[in-house]
Amino acid sequence: MSAPTIHSRLPDVGTTIFTVMSSLAAELGAVNLGQGFPDFPMSAELVSLVDQAMRDGYNQYVHMNGLIGLREALAEKIRFLYGHAVDAESQITVTPGGTYAIYTALTAVLQPGDEVIVFEPAYDSYIPNVIINGAVPVRIDLRFPDYRIDWDEVRRQITGRTRMIMLNSPNNPTGAVLRAEDMEQLRAIVKDTRILIQSDEVYEHLIFDKIPHQSILRYPDLLERGFASFSFGKVFHCTGWKLGYSVSSPALMREFRKVHQFNCFSCHAPSQVALAKFLGDRSSYLSLGAFMQRKRDYFQELMGQTRFTPLPSHGSYFQLYSYDRFSDESDKDLAIRITKEYGVATIPVSAFYQSGQDNKVVRFCFAKKDETLETAVSRLVKI
Ligand code: PMP
Ligand code: GLN
């Protein structure tokens, strides 16, 4: 009996770098500042609310678009933060995480041959998501080392086949954030075109230095042609929950739900009941940026004792550090070597470029207990 031939839909894709580095860290007992997840506890209040929801019997399917009470709480948060009303009924869908929300948006709207502009370094799911839908990624480098978007280059790369621009702010892996000027450029570029936008805003509340988050939800003309995707896991320190949501225009959301209903259908019910209550208190999300900014500042202060050079981080869980002062190894080799020899795992930033471009920078996750950051740096100072 011979095994059936497999024609891979993603022939060039291996195992995600996050799993590679986390597995290596676990195998070697290294401090894991690679994959982005907190090692401190999530809100005890939110845990109690889930417990209560389960005890109260919220253990069956909720509506496929998400618990209406949660969608209403999200609509209220959007109105408060971004000054525009979205309709909880027709514009918000709860999803099993931000990654799923992005995949679903692309699957709902892309046709074979459509071109999708992706900025690199790019979160590692984006380009495979484009390819598996038969569309064509058009890669544009963010400017090194500030990782801003070169909008003139975007104009040059737009063709009659351009169907989507993918955004991510605060950005993973760079910690860069979009500014109001960027949004004005984007609005001018897409006006009167068929270009859609997928805006990954999973680090929405984790933005520092009093910089306002440039959500596409601030701009009705962008939301008309856009999906904004979010992750409760990322902002509420519970990445294992895998719960998020997408917001769009009623017309685009109709298409999104056609795909969603036959994939996940409906998400974990008790967490939605709990979040609906939790979000009623604005401090649940208004305090998150300052909390994570303190982590960034503390880590940066500690890292001052090492030979790594910081690049600015204005948001997310992450800060990039350059090592070109002390090594010319590839970033992958360096990341593996410091995991093995010094017991600290990081993520090599070349993994976020299809070309493997290597600017000699590695990504550190600072969403960790102070003790974890201290232990890591006590090892990194020896390099
Ligand atoms: N986008 C970016 C940029 C991320 O860093 C993450 C974190 N994993 C996600 C999407 C996905 O979030 P989730 O775990 O909710 O799928
Ligand atoms: N977003 C996380 C990171 O960038 C990882 C999530 C994942 O492992 N897919 O580290």
### Query
Is V94 linked to I68 within one hydrophobic cluster, defined over Ile, Leu, Val, Met, Phe, Trp and Tyr using a side-chain heavy-atom separation of less than 4.5 Å?
no
### Query
By the rule that ILVMFWY residues connect when side-chain heavy atoms come within less than 4.5 angstrom, directly or transitively, which residues belong alongside I207?
V177, I211
Using distance only, find each side-chain donor-acceptor pair of residues 226-234 under 3.5 Å and give its atom names and separation, not counting sequence neighbours.
| from | atom 1 | to | atom 2 | distance (Å) |
| --- | --- | --- | --- | --- |
| S229 | OG | Q198 | NE2 | 2.8 |
| S231 | OG | G233 | N | 3.3 |
| S231 | OG | K234 | N | 3.0 |
| K234 | NZ | G36 | O | 2.9 |
| K234 | NZ | Y203 | OH | 3.1 |

### Message
Is it the case that the side chains of D358 and S330 hold a donor-acceptor pair, with the cut-off being a distance below 3.5 Å and no angle test?
### Response
no
### Message
Between the side chains of R187 and D221, is the shortest nitrogen-to-carboxylate-oxygen separation below 4.0 Å, so that they form an ion pair?
### Response
yes
### Query
Distance only, no hydrogens: is a donor on one side chain within 3.5 Å (strictly under) of an acceptor on the other, for Q214 and S169?
no
### Query
Checking side chain to side chain donor-acceptor pair (under 3.5 Å) against N65, which of R257, E89, Q91 comes through?
R257
### Message
Let's go through F262 and F265 carefully: what are the C-alpha distance in whole Å and the side-chain angles of both, what is the deciding distance for ring-ring contact (aromatic ring centres under 6.0 Å, His included) to 0.1 Å, and is it a yes or a no?
### Response
CA-CA 6 Å; F262 296 130; F265 177 63; 8.9 Å; no
### Task
Verify the cluster assignment for V235 and Y82: are they in a single hydrophobic cluster under the rule of side-chain heavy atoms below 4.5 Å apart?
yes
### Message
If you define the side chain from C-beta out and look only at heavy atoms, does anything of S271 sit under 4.5 Å from V273?
### Response
no
### Message
Under a 4.0 Å threshold between the charged nitrogen and the carboxylate oxygen, would D152 count as salt-bridged to R156?
### Response
no
### Task
Please test Y219 against H84 for ring-ring contact (aromatic ring centres under 6.0 Å, His included), starting from the C-alpha separation and ending with a verdict.
CA-CA 8 Å; Y219 303 92; H84 290 287; 8.0 Å; no
